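Data first, discussion second: the structure below is written as structure tokens.
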Number of protein chains: 4
Amino acid sequence: MGAVKSAKGKRMPRAVRERQMMDAAVRTFGQRGYRAASMDEIAELAGVSKPLVYLYLNSKEELFTACIRREAQALIEAVRAGVEPGLPADRQLWTGLAAFFTHTAQHPDGWAVLHRQARTHGEPFAAVVTAMRDELVAFVTTLIGAAAREAHRGPELADRDVAGLAQALVGAAESLAGWANETGAVTAKEAAGTLMNFAWMGLGNLMEGRRWSPSR
Amino acid sequence: MGAVKSAKGKRMPRAVRERQMMDAAVRTFGQRGYRAASMDEIAELAGVSKPLVYLYLNSKEELFTACIRREAQALIEAVRAGVEPGLPADRQLWTGLAAFFTHTAQHPDGWAVLHRQARTHGEPFAAVVTAMRDELVAFVTTLIGAAAREAHRGPELADRDVAGLAQALVGAAESLAGWANETGAVTAKEAAGTLMNFAWMGLGNLMEGRRWSPSR
Amino acid sequence: MGAVKSAKGKRMPRAVRERQMMDAAVRTFGQRGYRAASMDEIAELAGVSKPLVYLYLNSKEELFTACIRREAQALIEAVRAGVEPGLPADRQLWTGLAAFFTHTAQHPDGWAVLHRQARTHGEPFAAVVTAMRDELVAFVTTLIGAAAREAHRGPELADRDVAGLAQALVGAAESLAGWANETGAVTAKEAAGTLMNFAWMGLGNLMEGRRWSPSR
Amino acid sequence: MGAVKSAKGKRMPRAVRERQMMDAAVRTFGQRGYRAASMDEIAELAGVSKPLVYLYLNSKEELFTACIRREAQALIEAVRAGVEPGLPADRQLWTGLAAFFTHTAQHPDGWAVLHRQARTHGEPFAAVVTAMRDELVAFVTTLIGAAAREAHRGPELADRDVAGLAQALVGAAESLAGWANETGAVTAKEAAGTLMNFAWMGLGNLMEGRRWSPSR
DNA sequence: GATGAATGAGTCTTCATTCAT
DNA sequence: AATGAATGAAGACTCATTCAT
């Protein structure tokens with residue numbers, strides 16, 4: 001699965017080689033971490049010499065950034081593609097979550113790069129992930145808002161509550177995705193279901209004005 | 001707070017020196033990451049020479065492991081100490097969460113070591129954190145079980161559901177702690193309240209048999 | 001002046017291409033130095049691909065040698081062209097010096113290659129410059145000898161004195177040329193005048209038997 | 001001559017090792033040039049491992065700068081020490097020049113570093129040499145001024161003329177020193193004498209109002 | 001006549017780790 | 001109890017140079 005096929009030394013168009021290198025880089029960064037990954041290892045895994053990696057991708061830092069960017073884009077794309085516009089908002093949310101868990105399960109190294117490595121190392125990198133995360137949160141916020149409007153029961157939902165919910169939902173999804181990847185305990189659909197149970201129910205409670213408070 | 005005071009070269013009992021070194025190490029590992037942290041920097045920050053660090057802690061790997069272990073223990077201790085046995089289960093859970101958020105906020109480097117660094121690097125380290133996490137999950141599971149028994153309304157709660165809830169709760173707490181530390185957006189009590197709203201309400205729903213399902 | 005105009009990839013006669021390359025090389029070598037100059041930069045500045053540079057000029061070493069040779073020839077040519085045969089010897093010397101300073105001022109990179117870079121790096125290169133320098137010294141020696149014969153006043157001038165004078169004159173000229181190029185403090189004519197004041201007056205003194213000696 | 005004596009691996013106080021390293025560096029930089037000299041070669045010549053060189057001298061750039069600074073200081077010191085304050089100004093100048101030529105002849109690598117290498121490579125380095133040169137020029141200017149006052153014959157000497165003379169004198173000395181080093185053609189005293197003949201006589205002429213001019 | 005693709009060899013630099021005292 | 005001196009091994013990055021087309 002994912003084994004690089006090219007015979008070493010074969011002349012290939014730049015675009016192809018570049019993709020091979022990035023594949024190798026994502027895998028290596030995802031498994032070893034940014035610092036522990038060596039350009040030597042990446043080059044070897046990609047089936048090319050080190051100078052070629054530098055010729056095409058300039059530096060370890062730029063290579064890592066390119067990986068983050070590519071994986072972030074792919075993940076967002078996958079989530080967007082997983083959402084079917086015609087459905088009611090809760091079903092849309094569910095399919096989006098399922099797509100998210102499916103993608104992260106199918107690209108564990110990419111997810112490791114995004115969720116673990118990119119955030120563990122300093123500022124050139126974290127920003128890219130933050131941007132992606134914000135995009136996701138905004139997307140989820142829209143869906144929740146729509147759902148609240150569709151199923152209008154009881155008092156208005158404050159923007160602040162919606163934002164909090166979205167934030168927590170994405171955070172929980174990230175946490176669950178990592179857990180699922182590492183332990184293999186749940187499938188994508190199960191994970192999506194679990195999250196819906198928390199989020200949707202929580203949303204319902206808020207809309208009905210029920211809250212937990214320390215005083216009672 | 002954190003400024004090392006000892007004059008360099010002063011003879012000091014081993015235990016004290018060891019604590020200074022580990023303090024320096026936690027700070028350095030937490031801020032730079034395992035690979036980027038250098039023994040030189042740690043020794044200097046601790047106000048001792050490098051050979052002394054090796055004399056007491058043997059190797060970078062062992063030093064890191066010791067840090068993880070110490071910080072994990074401290075965190076668990078803090079949570080346990082935050083729980084008052086006499087209270088009803090939901091209040092106990094709340095105070096435990098508050099203690100968790102308080103501790104992570106007060107020891108950001110320790111939390112960074114546990115939550116980010118230890119899991120980002122290979123197998124010698126991740127295991128220690130996993131063990132701590134399991135301990136926390138077990139603890140939370142107990143509380144949730146007790147709460148369910150106390151507030152017995154409706155059908156029995158399946159063990160599986162309780163486990164899922166506990167798992168999710170801890171995951172969400174971790175995610176929130178990181179977020180709170182990085183952005184400083186919420187206080188410990190606020191974070192605990194937010195989580196209770198999700199978890200407790202979710203629990204209530206489950207106990208009353210309400211679930212979200214894709215089919216409807 | 002200096003801006004390379006050719007569209008990349010256009011077929012051009014070999015001689016033209018070769019000149020473009022050497023122009024680029026002189027500029028790069030002069031500004032960066034032999035080691036710091038990269039074939040990549042030279043090729044790009046010349047507007048051709050690297051293999052073409054190798055096809056025409058074989059290696060970095062040969063390219064550098066070719067540059068030195070070309071610039072040396074050009075400098076000598078300029079000096080010779082500046083001397084008008086009919087004039088009295090001192091005027092000839094003056095016009096020669098002026099031509100020297102003019103040329104070095106107009107070709108700063110070429111002069112840097114000859115005066116700085118070629119002598120700074122080992123033996124394949126220094127020899128070429130030495131040869132050129134010897135040619136210049138010989139030329140000046142001739143002029144000085146002629147002048148001495150023309151203005152015969154007092155005792156014979158020993159060959160040794162003439163040689164010393166010529167040597168010193170060329171050395172001083174080189175030093176002044178570098179200084180003028182770097183600081184832009186004097187024009188070519190001013191520099192020539194300054195040198196004449198030293199050299200010619202020194203010559204006059206020698207011819208009249210006046211010397212400085214430590215004993216008095 | 002100059003062979004480093006220390007047995008490899010022997011523990012030595014830092015100051016001693018540092019001097020060994022700088023000696024090796026001056027030699028290597030002087031012969032190979034800044035770029036061509038490799039830290040490996042320097043370390044080996046100094047009889048230590050590369051990391052030690054970095055531990056003590058930080059980087060190639062700093063090492064080179066340190067060399068330049070040390071050699072510049074040594075040269076200035078030598079010239080100052082060679083001048084005996086009690087003598088008449090012309091004798092002082094002569095002894096100073098002799099000291100200069102003696103020192104450069106005895107430290108050819110140091111002189112190569114200062115005169116060739118430091119000026120051939122960019123701005124971190126050239127500045128140090130320029131500063132030293134300015135110091136020398138100022139020193140010589142003083143002497144010439146004093147001499148002019150001592151031997152007051154004829155019209156006042158303009159400051160501008162004195163400055164020009166000093167500048168030219170130092171330039172000529174530098175050029176001669178290089179020539180003497182490379183060819184071994186003249187001794188220090190001969191070189192000093194030659195220069196005095198030019199400079200002193202030139203000075204005398206200027207003081208007597210005699211000048212060469214193109215018009216006649 | 002001209003180039004895109006590719007690399008072996010080498011350079012600077014850092015780091016965990018150990019002696020000898 | 002504590003340290004100044006020292007290094008083997010490895011990692012990021014560059015460059016002159018060559019094929020195949």
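As the structure is a prediction and not an experimental result, all values here were calculated from the model. Reminder, nothing fancy here: chain letters follow the sequence lines and each chain counts from 1.
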Just to be sure I understand the rule, does Arg14(C) reach a base, reach only the sugar-phosphate, or reach nothing, if contact means heavy atoms closer than 4.0 Å?
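Contact class for Arg14(C): none.
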
For [X] and [N], what is the distance between atoms [atom1] and [atom2] respectively, to the nearest whole Å?
X: Leu52(A); N: dT18(F); atom1: CG; atom2: P; value: 18 Å
X: Arg17(C); N: dT3(E); atom1: CZ; atom2: P; value: 6 Å
X: Glu61(A); N: dG11(F); atom1: CD; atom2: P; value: 19 Å
X: Glu18(C); N: dG1(E); atom1: CD; atom2: C1'; value: 13 Å
X: Glu41(B); N: dT14(E); atom1: CD; atom2: C1'; value: 13 Å
X: Leu63(D); N: dT11(E); atom1: CG; atom2: C1'; value: 15 Å
X: Asp40(D); N: dG8(F); atom1: CG; atom2: C1'; value: 13 Å
X: Leu57(A); N: dT14(F); atom1: CG; atom2: C1'; value: 16 Å

Per Arg11(A) side chain, nearest of listed nucleotides dA6(E), dA6(F), dT3(E):
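Out of dA6(E), dA6(F), dT3(E), the nucleotide with an atom closest to Arg11(A)'s side chain is dA6(E).
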
Trp111(C)/His115(C) aromatic ring centres below 6.0 Å:
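Ring-ring flag for Trp111(C)/His115(C): true, centres closer than 6.0 Å.
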
Pro51(D) or Asn58(B), whichever maps to the more 5' nucleotide of DNA chain E:
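Looking at the nearest nucleotide for each, Pro51(D) comes out on the 5' side.
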
For the side-chain contact (heavy atoms from CB on, under 4.5 Å) test, which of Val129(D), Val128(D), Leu114(D), Asp109(D) pairs with Glu71(D)?
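One option only clears the test, and that one is Leu114(D).
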
Between Glu44(C) and Lys50(C), is the closest basic N to carboxylate O distance under 4.0 Å?
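Judged by the 4.0 Å cut-off on N to carboxylate O distance, Lys50(C) and Glu44(C) do not form a salt bridge.
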
Salt bridge Arg19(C)-Asp23(C), side-chain N to carboxylate O under 4.0 Å
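Between Asp23(C) and Arg19(C) there is a salt bridge, with a charged N closer than 4.0 Å to a carboxylate O.
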
According to salt bridge (Lys or Arg N to Asp or Glu O under 4.0 Å), who are the partners of Arg119(B), at least two apart in sequence or on a separate chain?
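So Arg119(B) forms a salt bridge (Lys or Arg N to Asp or Glu O under 4.0 Å) with Glu174(B).
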
Aromatic rings Phe29(A) and Tyr34(A): how do their planes relate, parallel, tilted or perpendicular, breaks at 30° and 60°?
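Tilted: the ring planes of Phe29(A) and Tyr34(A) meet at 30° to 60°.
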
Can Ile42(C) and Met21(C) be said to form a side chain to side chain contact (heavy atoms under 4.5 Å, CB included), step by step?
CA-CA 7 Å; Ile42(C) 293 172; Met21(C) 290 177 195; 5.6 Å; no

Can you find an N or O donor on one side and an acceptor on the other, under 3.5 Å apart, linking the side chain of Lys50(A) with the base of dT7(E)?
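Donor-acceptor pair under 3.5 Å: no.
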
So, does the side chain of Lys60(B) form a donor-acceptor pair with the base of dT17(E) at under 3.5 Å?
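For Lys60(B), whose side chain was compared with the base of dT17(E), there is no donor-acceptor pair (under 3.5 Å).
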
Grab the stems for DNA chain F, please: at least three consecutive Watson-Crick or wobble pairs, both distances below 3.5 Å, written as range with range.
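So far as stems of 3 or more pairs are concerned, DNA chain F shows E:2-21 with F:2-21.
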
Under 3.5 Å, is there a donor-acceptor pair linking the side chains of Gln73(C) and Arg70(C)?
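The criterion, which ignores hydrogens and geometry beyond distance, is not satisfied for Arg70(C) and Gln73(C).
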
Stepwise side chain to side chain contact (heavy atoms under 4.5 Å, CB included) check, Ile68(B) with Phe64(B):
CA-CA 6 Å; Ile68(B) 297 173; Phe64(B) 190 43; 3.9 Å; yes

Pick the nucleotide of DNA chain F nearest each of Leu55(D) and Tyr56(B); which residue has the one closer to the 5' end?
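Looking at DNA chain F, the more 5' nearest nucleotide goes with Tyr56(B).
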
Given dC15(F), is OP1 or OP2 found less than 4.0 Å from the side-chain N or O atoms of Tyr54(A)?
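Result: no.
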
Look at the side chain of Lys60(A) and the backbone N and O of Ala37(A), then say whether any donor-acceptor pair between them is shorter than 3.5 Å.
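Indeed, once roles are kept as given, a pair shorter than 3.5 Å links the two residues.
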
What parts of residues 30-39 of chain B reach DNA chain E, counting only heavy atoms under 4.0 Å away?
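Here the set is Ala37(B), Ser38(B), Met39(B).
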
